[in-house]
Amino acid sequence: MELDPLILSRIQFAFVVSFHAIFPVFTIGLASYIAVLEGLAFKTENPVWVKLSAFWTKVFAVVFGMGVVSGIVMSFQFGTNWSNFAQASANFLGPILSYEVVTAFFLEAAFLGVLLFGRDKVPAGVHLFAAIMVATGTFISSFWILSANSWMQTPAGTELRDGVFYVTSWSEAIFNPSFPYRFAHMALASYLTGGFVVAGVSAWYLLRGREVEANKKALSMCLWLLLFIAPAQAVLGDFHGLNTLEHQPTKVAAMEGNWETSRNVPLLLFAIPDQENQRNLFEIGIPSLASFILTHEWDGEVPGVSAVPVDEQPPVAIVFWSFRIMVGIGLLMIAFAVTGLVLRAGGRYWRTNWFLQGMRFMSIAPFFAVLTGWFVTEVGRAPWLVYGQMTQAEALTPSLTGGMALFTLIGYVVVYALVFSAGVYYLMRVLYVGLEDRDEDEHEADRPKRPFSAAHVPFEIDHNSDDTVGTAKPVNQGGH
């Protein structure tokens, strides 16, 4: 059987991008959280904020390193697998990607060193400034990367002549029609990811009775953030969807599983898309709701996938189900955020066992939402690499063979598996140590192995309640 270099190259790039995407979306949100913690520590001089910042900075460093390693490979693929695209888009993407390196990567790398190793070596204000610069660098990086990707989705400010894109307006190309919505959508996704991960880890520590005061504060901060960000993401997603409907109607049709352009289109909760016969084999939906969401009119017209030739249609099943997984996770996020607000009465948000267990599992949910969101975005654009102007087949390296593509794909899978395994190993070590200060003087004979110990703290834990982690109550300290 002959190997198709186009299919293998698409699989390879999808694998690399999917592996890479989960790291920056976490570090962007986490960097801002660390900057907030450093600001609180600088203002209040409360050691709890310092302890939290020091711990999450270690986590940030490990994840940042994994993101850098996995991201470097993507630029090589433009030359090895997509050389026609690299040559055609060099006038625009070349400067954009170089701006990302010059303005963001150097900023992050330089100040990350100060943030990691300068706490006791530079003034507190300088250390706070370093945290802010790292957070700023992550946003600058995402600005340029999303501008480049959004241009591929909704090309503007360029002209295609003899197979080469020439920039006619830098402002229109950078701030292309989909960029504002996609940048804002990804920014909120980063905050959701960072918020749920911090909340989930804090919940895990609370369940184990470790550093209760610090992790209670961390969980509280994240729940307030998620309460506003999760619903805001849903609203922004609606605006993003309307923008996509205007510029990429076929993608929206695939998201809705709608084959024929029509009115009063139902919102399909479940369907089995049959692309070969251009229909759904089975449907469960809410009448007219898709029309209302997309057009804000109950009888609004929704485009159909069959409005374009079959060879210009994306894989509908992948787009359809990825979109529903993303939306389902988003609704679950909102539910947990609202539940956290309800449980604030009496401080139950940090003592309710089932809620903390739920937050633990929700710590990985944003990563699935991000990945499925990227599947909708990238797979929904197929077969175009630059929407409406250059197909994936036209962008492929002419000399690339199926064997070459398969060899590099296997190589990337093996190397990334090693990188991921090593990264997760060190990340687990950081999480195992936790917030406890393991550098204290070892000659302190009464130093507890875990801070939350009845022998060394002025309260004990009542485990009699079935739905709570435990309730603190004073004990006799024997004159201490």
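Since this is a predicted model, take the numbers as computed values, not measurements.
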Taking Asn91 for its side chain and Val164 for its backbone only, find out whether a donor-acceptor pair lies under 3.5 Å. no

Using only atom types and a distance under 3.5 Å, with no angle test, would you say the side chain of Gln275 pairs donor to acceptor with the backbone of Val316? yes

When rounded to the nearest 0.5 angstrom, what distance separates OG1 in Thr27 from CG in Leu112? 10.5 Å

Tell me, yes or no, whether the heavy-atom count around Gln87 atom CD, taken from other residues, nucleotides or ligands under 6.0 Å, exceeds 12. no

Between Arg324 (side chain only) and Phe320 (backbone N and O only), is there a donor and an acceptor less than 3.5 Å apart? yes

Indicate the atoms forming the closest heavy-atom contact of Ile329 with Ala365, along with that distance. CG2-O, 3.7 Å

For Phe367, look at atom CZ and say whether over 12 heavy atoms of other residues, nucleotides or ligands are found less than 6.0 Å away. yes

Steps toward ring-ring contact (aromatic ring centres under 6.0 Å, His included) verdict (Phe270, Trp321): CA-CA 9 Å; Phe270 180 88; Trp321 281 110; 5.3 Å; yes

Just checking, is any N or O donor in the side chain of Glu246 or Asn243 under 3.5 Å from an acceptor N or O on the other one? no

Closest heavy-atom pair and its distance - Met333, Pro366: CE-CA, 3.4 Å

Test: ring pair (Phe, Tyr, Trp, His ring centres under 6.0 Å). Region: residues 87-107. Which pairs qualify, not counting sequence neighbours? Phe92-Trp151, Phe92-Trp170, Tyr99-Trp144

Quiz question: by atom type and distance under 3.5 Å, do the side chains of Thr372 and Ser322 form a donor-acceptor pair? no

Side chains of Leu269 and Glu283: does their closest heavy-atom pair fall under 4.5 Å? no

Donor-acceptor pair, distance only, cut-off 3.5 Å: does the side chain of Asn176 make one with the backbone of Ala173? yes

Heavy atoms of other groups near Tyr426 OH, more than 12 under 6.0 Å: no

Ring pair (Phe, Tyr, Trp, His ring centres under 6.0 Å) involving His185 - partner list, sequence neighbours excluded: His240

I'd like to know if the side chain of Ser306 reaches the main chain of Trp259, judged simply by a donor and an acceptor atom lying under 3.5 Å from each other, with no hydrogens or angles considered. yes

Minimum side-chain heavy-atom gap Tyr33-Met221 below 4.5 Å: yes

Take Leu30 and Val63 through the side chain to side chain contact (heavy atoms under 4.5 Å, CB included) test and state the conclusion after the steps. CA-CA 10 Å; Leu30 186 59; Val63 179; 5.8 Å; no

Would you compute the distance between atom CD of Gln77 and atom OG1 of Thr408 and round it to the nearest 0.5 angstrom? 7.5 Å

Decide whether Gln278 and Glu260 meet the rule of one side-chain donor and one side-chain acceptor closer than 3.5 Å. no

From CA spacing to verdict: ring-ring contact (aromatic ring centres under 6.0 Å, His included), Phe196, Phe336: CA-CA 10 Å; Phe196 270 103; Phe336 268 91; 7.2 Å; no

Test item: Phe165 and Met390 side chains (from C-beta on) under 4.5 Å apart, heavy atoms: yes

Do Ser32 and Tyr191 touch side chain to side chain, with heavy atoms closer than 4.5 Å? yes

Who passes side chain to side chain donor-acceptor pair (under 3.5 Å) against Asn149, sequence neighbours left out? Arg182, Glu378

Go through Trp374 and Ser18 one step at a time and tell me if the side chain to side chain contact (heavy atoms under 4.5 Å, CB included) criterion holds. CA-CA 8 Å; Trp374 272 107; Ser18 298; over 6 Å; no

Compare every heavy atom of Glu38 with every heavy atom of Ala131, then report the nearest pair and how far apart it is. CB-CG, 3.8 Å

Any donor-acceptor pair under 3.5 Å linking the side chain of Gln392 with the backbone of Leu385? no

CG (Leu6) and OG1 (Thr391) are apart, to the nearest 0.5 Å, by 8.0 Å

Cation-aromatic face contact Arg381/Tyr387, 6.0 Å, 45 degrees: no

For the residue pair Lys251 and Gln153, establish whether any side-chain heavy-atom pair is separated by less than 4.5 Å. yes

N/O donor-acceptor pair under 3.5 Å between Tyr425 side chain and Phe420 backbone: no

Answer yes or no: is there a side-chain heavy-atom contact under 4.5 Å between Thr80 and Thr397? no

Side chains of Leu219 and Leu223, heavy atoms from C-beta outward: is any pair under 4.5 Å? yes

Verdict with supporting geometry, Glu301 and Ser262, side chain to side chain contact (heavy atoms under 4.5 Å, CB included): CA-CA 5 Å; Glu301 184 176 88; Ser262 57; over 6 Å; no

Does anything in residues 140-152 form a salt bridge (Lys or Arg N to Asp or Glu O under 4.0 Å)? List the pairs, not counting sequence neighbours. none

Would you please test Met186 and Tyr181 for side chain to side chain contact (heavy atoms under 4.5 Å, CB included) and show each step? CA-CA 9 Å; Met186 183 55 64; Tyr181 301 95; over 6 Å; no

Any donor-acceptor pair under 3.5 Å linking the side chain of Asn258 with the backbone of Val265? no

Just jot down the side chain to side chain donor-acceptor pair (under 3.5 Å) partners of Ser147, sequence neighbours excluded, or say none. none

Taking Val197's backbone N and O only, do any of them form a donor-acceptor pair with Ser363's side chain (distance below 3.5 Å, no angle check)? no

Kindly compute the distance separating CD (Gln313) from CG (Asp311), expressed to the nearest 0.5 Å. 8.5 Å

Which pairs with one or both residues in residues 389-416 pass ring pair (Phe, Tyr, Trp, His ring centres under 6.0 Å), sequence neighbours excluded? Phe15-Tyr416, Phe19-Tyr416

Parallel, tilted or perpendicular: which fits the ring planes of Phe13 and Phe78, with parallel below 30° and perpendicular above 60°? tilted

Hey, does the side chain of Ser83 reach the backbone of Gly79 with a donor-acceptor pair shorter than 3.5 angstrom? no

Roughly how far apart are Leu331 CG and Met326 CE, rounded to 0.5 Å? 10.0 Å

Side-chain heavy atoms of Pro24 within contact of Phe64, under 4.5 Å: no

Exercise: identify the closest heavy-atom pair between Ser141 and Glu100: OG-OE2, 2.5 Å

Working to the nearest 0.5 angstrom, can you tell me the gap between Met152 CE and Ser178 OG? 11.0 Å

